[in-house]
Amino acid sequence: YRSVWEQNDVAVIRDLILNDRFFLLTQVLDVDVAWHPWVLARCREVEAAPDEHLDLWSRGHFKSTIITFAGVSQYVLKNPDHCVCIISYKSGAAQAFLQQIMTAFETKEVLLRCFPDILYPEVKSHQGPHWSSSEGIVLKRTTSKKESTIDVSGLISGMKTGGHYDLLVYDDTVTYESVGTPDMIERTTAAWSMSLNLGTVGKTHHWYI
(Lines give C-alpha, C1' and ligand atoms only; values in the text may rest on other atoms or scores of the structure.)
Protein backbone atom coordinates (compact mmCIF):
# COMPACT_ATOMS: atom_id res chain seq x y z
CA TYR A 1 0.00 0.00 0.00
CA ARG A 2 2.86 2.36 0.77
CA SER A 3 4.27 1.91 -2.72
CA VAL A 4 0.84 2.67 -4.22
CA TRP A 5 0.77 6.05 -2.49
CA GLU A 6 4.36 6.75 -3.51
CA GLN A 7 3.53 6.09 -7.16
CA ASN A 8 0.32 8.15 -6.85
CA ASP A 9 -1.20 6.61 -9.98
CA VAL A 10 -4.90 7.48 -9.98
CA ALA A 11 -5.81 4.48 -12.13
CA VAL A 12 -4.09 2.06 -9.74
CA ILE A 13 -5.65 3.67 -6.66
CA ARG A 14 -9.08 3.57 -8.29
CA ASP A 15 -8.65 -0.11 -9.13
CA LEU A 16 -7.70 -0.93 -5.54
CA ILE A 17 -10.67 1.00 -4.16
CA LEU A 18 -12.99 -1.02 -6.40
CA ASN A 19 -11.43 -4.41 -5.72
CA ASP A 20 -9.68 -4.37 -2.33
CA ARG A 21 -12.05 -3.60 0.53
CA PHE A 22 -9.28 -3.60 3.13
CA PHE A 23 -7.45 -0.92 1.14
CA LEU A 24 -10.65 1.13 0.88
CA LEU A 25 -11.37 0.72 4.58
CA THR A 26 -7.94 1.51 5.99
CA GLN A 27 -6.34 3.73 3.35
CA VAL A 28 -9.23 5.78 1.96
CA LEU A 29 -12.04 5.74 4.51
CA ASP A 30 -9.43 6.12 7.26
CA VAL A 31 -10.84 3.55 9.69
CA ASP A 32 -7.50 3.24 11.47
CA VAL A 33 -8.75 0.80 14.11
CA ALA A 34 -9.53 -1.68 11.31
CA TRP A 35 -5.80 -2.21 10.69
CA HIS A 36 -5.81 -5.76 12.07
CA PRO A 37 -5.28 -9.25 10.57
CA TRP A 38 -8.76 -10.35 11.71
CA VAL A 39 -10.41 -7.47 9.85
CA LEU A 40 -8.31 -8.24 6.78
CA ALA A 41 -9.49 -11.85 6.87
CA ARG A 42 -13.15 -10.78 7.15
CA CYS A 43 -12.73 -8.37 4.24
CA ARG A 44 -11.40 -11.19 2.10
CA GLU A 45 -14.21 -13.46 3.28
CA VAL A 46 -17.04 -11.12 2.29
CA GLU A 47 -15.30 -10.16 -0.94
CA ALA A 48 -15.16 -13.82 -1.96
CA ALA A 49 -18.86 -14.50 -1.27
CA PRO A 50 -20.91 -11.41 -0.40
CA ASP A 51 -24.41 -12.57 -1.35
CA GLU A 52 -27.03 -14.65 0.44
CA HIS A 53 -25.07 -15.11 3.68
CA LEU A 54 -26.12 -14.25 7.22
CA ASP A 55 -23.09 -12.63 8.85
CA LEU A 56 -23.34 -13.31 12.59
CA TRP A 57 -20.25 -11.81 14.21
CA SER A 58 -19.72 -10.63 17.76
CA ARG A 59 -20.67 -7.07 18.60
CA GLY A 60 -17.88 -4.61 17.85
CA HIS A 61 -16.23 -6.84 15.24
CA PHE A 62 -16.69 -4.47 12.26
CA LYS A 63 -19.71 -6.11 10.59
CA SER A 64 -21.38 -2.84 9.64
CA THR A 65 -18.08 -1.12 8.94
CA ILE A 66 -16.87 -3.79 6.51
CA ILE A 67 -20.16 -4.75 4.89
CA THR A 68 -22.47 -1.72 5.03
CA PHE A 69 -20.07 1.24 5.13
CA ALA A 70 -17.18 0.02 2.98
CA GLY A 71 -19.19 -2.59 1.07
CA VAL A 72 -22.01 -0.33 -0.10
CA SER A 73 -19.55 2.46 -0.91
CA GLN A 74 -17.51 0.05 -3.02
CA TYR A 75 -20.61 -1.44 -4.66
CA VAL A 76 -22.02 1.86 -5.96
CA LEU A 77 -18.62 3.08 -7.14
CA LYS A 78 -18.28 -0.16 -9.09
CA ASN A 79 -21.93 -0.16 -10.25
CA PRO A 80 -23.09 3.47 -10.43
CA ASP A 81 -26.22 2.58 -12.42
CA HIS A 82 -27.40 0.14 -9.74
CA CYS A 83 -29.67 1.05 -6.84
CA VAL A 84 -29.15 0.00 -3.21
CA CYS A 85 -31.53 0.05 -0.25
CA ILE A 86 -30.19 -0.18 3.30
CA ILE A 87 -32.84 -1.68 5.58
CA SER A 88 -32.80 -1.50 9.37
CA TYR A 89 -35.41 -2.08 12.10
CA LYS A 90 -36.36 1.60 11.87
CA SER A 91 -35.55 3.95 9.01
CA GLY A 92 -33.62 6.22 11.38
CA ALA A 93 -31.04 3.51 11.97
CA ALA A 94 -30.61 3.02 8.23
CA GLN A 95 -30.20 6.78 7.82
CA ALA A 96 -27.22 6.69 10.18
CA PHE A 97 -25.49 4.18 7.89
CA LEU A 98 -26.19 6.32 4.83
CA GLN A 99 -24.95 9.45 6.60
CA GLN A 100 -21.60 7.75 7.13
CA ILE A 101 -21.35 6.97 3.40
CA MET A 102 -22.46 10.49 2.45
CA THR A 103 -19.77 12.04 4.63
CA ALA A 104 -17.10 9.91 2.96
CA PHE A 105 -18.33 10.85 -0.52
CA GLU A 106 -18.31 14.52 0.47
CA THR A 107 -14.98 14.75 2.24
CA LYS A 108 -12.54 12.05 1.10
CA GLU A 109 -10.36 13.83 -1.46
CA VAL A 110 -9.01 10.53 -2.80
CA LEU A 111 -12.52 9.38 -3.73
CA LEU A 112 -13.36 12.68 -5.40
CA ARG A 113 -10.09 12.59 -7.34
CA CYS A 114 -10.46 8.97 -8.46
CA PHE A 115 -14.18 9.02 -9.33
CA PRO A 116 -15.04 12.34 -11.03
CA ASP A 117 -17.34 10.37 -13.35
CA ILE A 118 -19.45 9.17 -10.40
CA LEU A 119 -19.09 11.58 -7.47
CA TYR A 120 -20.06 15.24 -7.45
CA PRO A 121 -17.21 17.52 -6.34
CA GLU A 122 -19.56 19.98 -4.63
CA VAL A 123 -22.54 17.99 -3.41
CA LYS A 124 -23.22 20.44 -0.61
CA SER A 125 -23.72 23.24 -3.13
CA HIS A 126 -26.48 21.16 -4.75
CA GLN A 127 -24.65 20.31 -7.95
CA GLY A 128 -25.93 16.77 -7.50
CA PRO A 129 -29.63 15.76 -7.77
CA HIS A 130 -30.84 14.99 -4.23
CA TRP A 131 -28.58 14.28 -1.35
CA SER A 132 -29.88 13.53 2.14
CA SER A 133 -29.79 10.69 4.62
CA SER A 134 -33.59 10.59 4.78
CA GLU A 135 -34.44 10.89 1.07
CA GLY A 136 -31.46 9.02 -0.36
CA ILE A 137 -28.54 10.07 -2.54
CA VAL A 138 -28.08 10.03 -6.31
CA LEU A 139 -24.66 9.72 -7.91
CA LYS A 140 -23.78 10.40 -11.55
CA ARG A 141 -25.30 7.64 -13.65
CA THR A 142 -26.36 6.92 -17.22
CA THR A 143 -29.86 5.67 -16.46
CA SER A 144 -33.05 7.42 -15.41
CA LYS A 145 -34.52 5.64 -12.39
CA LYS A 146 -37.00 6.77 -9.77
CA GLU A 147 -34.94 5.07 -7.07
CA SER A 148 -31.92 6.81 -5.57
CA THR A 149 -28.48 5.30 -5.95
CA ILE A 150 -28.68 4.58 -2.21
CA ASP A 151 -32.00 4.66 -0.35
CA VAL A 152 -32.96 3.71 3.20
CA SER A 153 -35.92 1.89 4.67
CA GLY A 154 -37.24 0.59 7.94
CA LEU A 155 -38.33 -3.02 8.24
CA ILE A 156 -40.95 -2.72 10.99
CA SER A 157 -41.35 1.05 10.86
CA GLY A 158 -41.20 3.12 7.69
CA MET A 159 -40.79 0.44 5.02
CA LYS A 160 -40.47 1.81 1.51
CA THR A 161 -43.02 0.78 -1.11
CA GLY A 162 -42.81 0.69 -4.87
CA GLY A 163 -39.04 0.75 -5.30
CA HIS A 164 -36.95 -1.94 -6.94
CA TYR A 165 -33.29 -2.29 -5.97
CA ASP A 166 -30.33 -4.28 -7.23
CA LEU A 167 -28.92 -4.73 -3.72
CA LEU A 168 -30.80 -5.01 -0.42
CA VAL A 169 -28.60 -4.64 2.66
CA TYR A 170 -30.22 -5.79 5.92
CA ASP A 171 -28.31 -4.32 8.87
CA ASP A 172 -29.72 -4.29 12.42
CA THR A 173 -33.16 -5.40 11.27
CA VAL A 174 -33.82 -7.49 14.39
CA THR A 175 -33.73 -6.01 17.89
CA TYR A 176 -34.66 -7.44 21.26
CA GLU A 177 -37.95 -5.55 21.13
CA SER A 178 -38.82 -6.92 17.68
CA VAL A 179 -38.67 -10.59 18.66
CA GLY A 180 -39.70 -10.52 22.33
CA THR A 181 -42.92 -12.47 21.79
CA PRO A 182 -44.14 -15.05 19.26
CA ASP A 183 -46.40 -12.39 17.75
CA MET A 184 -43.46 -10.03 17.26
CA ILE A 185 -41.37 -12.81 15.71
CA GLU A 186 -44.18 -13.49 13.27
CA ARG A 187 -44.58 -9.80 12.49
CA THR A 188 -40.84 -9.31 11.91
CA THR A 189 -40.65 -12.39 9.70
CA ALA A 190 -43.64 -11.22 7.66
CA ALA A 191 -42.08 -7.77 7.27
CA TRP A 192 -38.84 -9.32 6.00
CA SER A 193 -40.80 -11.42 3.51
CA MET A 194 -42.63 -8.31 2.29
CA SER A 195 -39.37 -6.38 1.98
CA LEU A 196 -38.13 -8.88 -0.61
CA ASN A 197 -40.57 -7.23 -3.01
CA LEU A 198 -38.18 -4.25 -3.06
CA GLY A 199 -35.82 -6.31 -5.18
CA THR A 200 -35.67 -6.75 -8.93
CA VAL A 201 -36.94 -10.04 -10.33
CA GLY A 202 -34.18 -12.64 -10.35
CA LYS A 203 -31.36 -10.11 -10.08
CA THR A 204 -31.27 -8.79 -6.54
CA HIS A 205 -28.26 -9.25 -4.27
CA HIS A 206 -28.99 -9.69 -0.53
CA TRP A 207 -26.56 -8.96 2.30
CA TYR A 208 -27.64 -9.87 5.85
CA ILE A 209 -25.82 -8.47 8.86
Kindly give the heavy-atom pair with the smallest separation between [X] and [Y], and that separation in Å.
X: Ala11; Y: Asp9; answer: N-OD1, 3.0 Å
X: Trp38; Y: His36; answer: N-ND1, 2.9 Å
X: Leu111; Y: Leu77; answer: CD2-CD1, 4.0 Å
X: His164; Y: Glu147; answer: N-OE2, 2.9 Å
X: Glu52; Y: Thr204; answer: OE2-O, 4.1 Å
X: Tyr120; Y: Leu139; answer: CE1-C, 3.8 Å

| query | Checking salt bridge (Lys or Arg N to Asp or Glu O under 4.0 Å) for the pair Lys63/Asp171: CA distance, chi angles, key distance, verdict? | reply | CA-CA 9 Å; Lys63 298 184 300 296; Asp171 196 339; over 6 Å; no
Does a donor on one side chain and an acceptor on the other come within less than 3.5 Å for [X] and [Y]?
X: Thr26; Y: Tyr1; value: no
X: Asp172; Y: Ser88; value: no
X: Tyr208; Y: Trp192; value: yes

So, taking the atom named [atom1] in [X] and the one named [atom2] in [Y], what distance separates them when rounded to the nearest 0.5 Å?
X: Ser133; Y: Met102; atom1: OG; atom2: CE; value: 5.5 Å
X: Thr173; Y: Leu168; atom1: OG1; atom2: CG; value: 11.5 Å
X: Ile13; Y: Asn8; atom1: CD1; atom2: CG; value: 5.0 Å
X: Asp183; Y: Thr188; atom1: CG; atom2: OG1; value: 10.5 Å

Would you say [Y] ends up clustered with [X] if hydrophobic residues are merged whenever their side chains have heavy atoms under 4.5 Å apart, either directly or through other cluster members?
X: Val174; Y: Leu56; value: no
X: Phe69; Y: Leu98; value: yes
X: Leu155; Y: Val84; value: no

| Can the positive tip of Arg2 be found less than 6.0 Å from the middle of the six-membered ring of Trp5, inside 45° of the ring normal? | no
| request: Report the C-alpha separation of Ile150 and Phe97 in whole Å, then their side-chain angles, then the decisive distance to 0.1 Å, and conclude whether the side chain to side chain contact (heavy atoms under 4.5 Å, CB included) test is met. | output: CA-CA 11 Å; Ile150 307 176; Phe97 292 127; over 6 Å; no
| request: Measure up the His82 and Tyr75 rings against each other and bin them: parallel (under 30°), tilted (30 to 60°), perpendicular (over 60°). | output: tilted
| Listed by chain and number, what are the ring-ring contact (aromatic ring centres under 6.0 Å, His included) partners of Phe22, not counting sequence neighbours? | Trp35
| query | Asp20 and Arg44: salt bridge (Lys or Arg N to Asp or Glu O under 4.0 Å), yes or no, with the steps? | reply | CA-CA 8 Å; Asp20 185 338; Arg44 296 295 180 255; 3.1 Å; yes
